[in-house]
Amino acid sequence: MKLLSIQVGRPRQVTWRRRTLTTGIYKDRVEGRIILRRHNLDGDEQADLSVHGGWDKAVYVYPSEHYTFWRTELPAVQLPYGAFGENFTTEGLDELTVCIGDVFRIGTAVVEVTQPRMPCYKLGVRFGRPDMPQRFHASGRCGFYLAVLKEGDVGAGDVWERIGRNDERTSVLNSYRSSLSEVG
């Protein structure tokens, strides 16, 4: 289990369906080590703090293994790491094996898995496809959010060491499916 890539971004204005809106979904890769703080990574910001960011959504994680699926689904689309708005692109972590409440050490930081991602329409904006949130939901490849328990520095190549587990052991995927059934 390791961190392959780190991405950060600041909100920007984009035009979508003849409207100007602000989004923080666009992320760029950073090199070297970066400080992971209680509410986000240095250099990262969210546009709508009522639904993004905060202590329980400080970092969004997306497994690199999902990119193979999306490259097949969207063959004409460039998909660099960070394309789904994630801060951390990982290897060896997925929604079935990672549980809500799992605690990991990454670099000198300690984080806890808090919830699956439930994307809004801005994922469609990012891809220029209004159907993208529905496709994302149908795939079950949601990724997950982290809370920062101990601030520290992180960098690509860092190993994820699981140092704690919630006794309930609800996988991110099961939590995601439960959330979808409550919405639908």
Side-chain angles (χ1 to χ4, degrees), residues 3-31 34-90 95 100 111-148 154 156 172-173 175-184:
L3 181 56
L4 294 182
S5 183
I6 300 173
Q7 294 78 221
V8 299
R10 298 196 191 281
R12 65 173 79 166
Q13 290 193 330
V14 296
T15 301
W16 174 250
R17 296 183 168 180
R18 295 182 291 188
R19 280 186 17 209
T20 300
L21 57 96
T22 303
T23 179
I25 198 168
Y26 296 91
K27 306 291 183 191
D28 296 310
R29 187 177 186 160
V30 295
E31 300 295 330
I34 189 167
I35 300 297
L36 176 55
R37 303 207 185 272
R38 291 273 179 214
H39 289 95
N40 56 20
L41 289 155
D42 276 357
D44 193 51
E45 295 177 14
Q46 294 74 38
D48 183 353
L49 296 177
S50 69
V51 291
H52 298 289
W55 72 269
D56 61 339
K57 296 180 184 175
V59 177
Y60 173 47
V61 179
Y62 201 66
S64 64
E65 293 84 353
H66 295 341
Y67 276 83
T68 301
F69 170 83
W70 289 113
R71 286 184 177 111
T72 301
E73 288 288 304
L74 306 168
V77 178
Q78 292 287 331
L79 293 174
Y81 290 153
F84 293 90
E86 78 268 20
N87 300 110
F88 288 172
T89 311
T90 60
E95 297 85 351
I100 304 300
V111 298
E112 180 178 351
V113 177
T114 57
Q115 60 188 290
R117 177 191 188 187
M118 302 297 287
C120 67
Y121 75 97
K122 289 182 180 176
L123 186 65
V125 172
R126 166 69 178 85
F127 283 90
R129 299 182 60 120
D131 68 335
M132 200 56 198
Q134 292 82 10
R135 293 177 77 150
F136 191 84
H137 287 311
S139 79
R141 293 164 173 86
C142 58
F144 49 91
Y145 285 107
L146 303 174
V148 178
V154 295
V172 170
L173 185 57
S175 178
Y176 185 65
R177 288 178 178 155
S178 292
S179 297
L180 286 178
S181 67
E182 290 170 9
V183 174

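Along the sequence shown, residues carry numbers from 1.
Y145 OH to T114 OG1: the interatomic distance, rounded to the nearest 0.5 Å, is 8.5 Å. Atoms CG and NZ, from N40 and K57 in turn, are 14.0 Å apart once rounded to the nearest 0.5 Å. Summarising the geometry, atom CD belonging to Q13 is positioned 4.5 Å from atom OG1 belonging to T22; distances are rounded to the nearest 0.5 Å. One finds the CZ atom of R29 at 8.5 Å from the CG atom of L4 (value rounded to the nearest 0.5 Å). The CD atom of E73 sits 12.0 Å away from the OG1 atom of T68 when rounded to the nearest 0.5 Å. Expressed to the nearest 0.5 Å, how far NE2 of H137 lies from CG of D131 amounts to 12.0 Å.
A heavy-atom distance below 4.5 Å is not found between the side chains of C142 and M118. Within the 4.5 Å cutoff, side-chain heavy atoms of L146 are placed close to those of V113. Side-chain contact between R37 and D42 is present, with heavy atoms from C-beta onward closer than 4.5 Å. The side-chain heavy atoms of V148 and E112, taken from C-beta on, include no pair separated by under 4.5 Å. In this structure, the side chains of F136 and F127 stay at 4.5 Å or more apart for every pair of heavy atoms. Residues D56 and Q115 are in side-chain contact: their nearest non-hydrogen atoms beyond the backbone lie under 4.5 Å apart. Within the 4.5 Å cutoff, the side chain of F88 has heavy atoms near those of the L36 side chain. Looking only at side-chain heavy atoms (C-beta outward), I25 and L123 come within less than 4.5 Å of each other.
Just one residue in the list Y81, F84, Y62 forms a ring-ring contact (aromatic ring centres under 6.0 Å, His included) with W70, and that residue is F84.
Residues forming a side-chain hydrogen bond (donor to acceptor under 3.5 Å, both in side chains) with R71 (at least two apart in sequence, or on another chain): none.
Inspection of the H66 and E95 side chains reveals an N or O donor paired with an N or O acceptor under 3.5 Å. No hydrogens or angles considered: a donor-acceptor pair under 3.5 Å links the side chains of Q7 and S5. No side-chain donor-acceptor contact under 3.5 Å links R12 and Y26.
Heavy atoms only, all atoms of each residue included: P63 and G143 are closest at CD-CA, 4.3 Å. Summarising the geometry of P133 relative to C120, their closest heavy-atom pair is CG-O, 3.5 Å, with the distance given to 0.1 Å. Considering every non-hydrogen atom in both G140 and Y176, the closest pair reads CA-CE2, 4.0 Å.
A salt bridge between R10 and D44 is absent, with no side-chain N of the basic residue lying under 4.0 Å from a carboxylate O of the acidic one.
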Step by step, would you call L41 with I35 a side chain to side chain contact (heavy atoms under 4.5 Å, CB included)? CA-CA 6 Å; L41 289 155; I35 300 297; over 6 Å; no
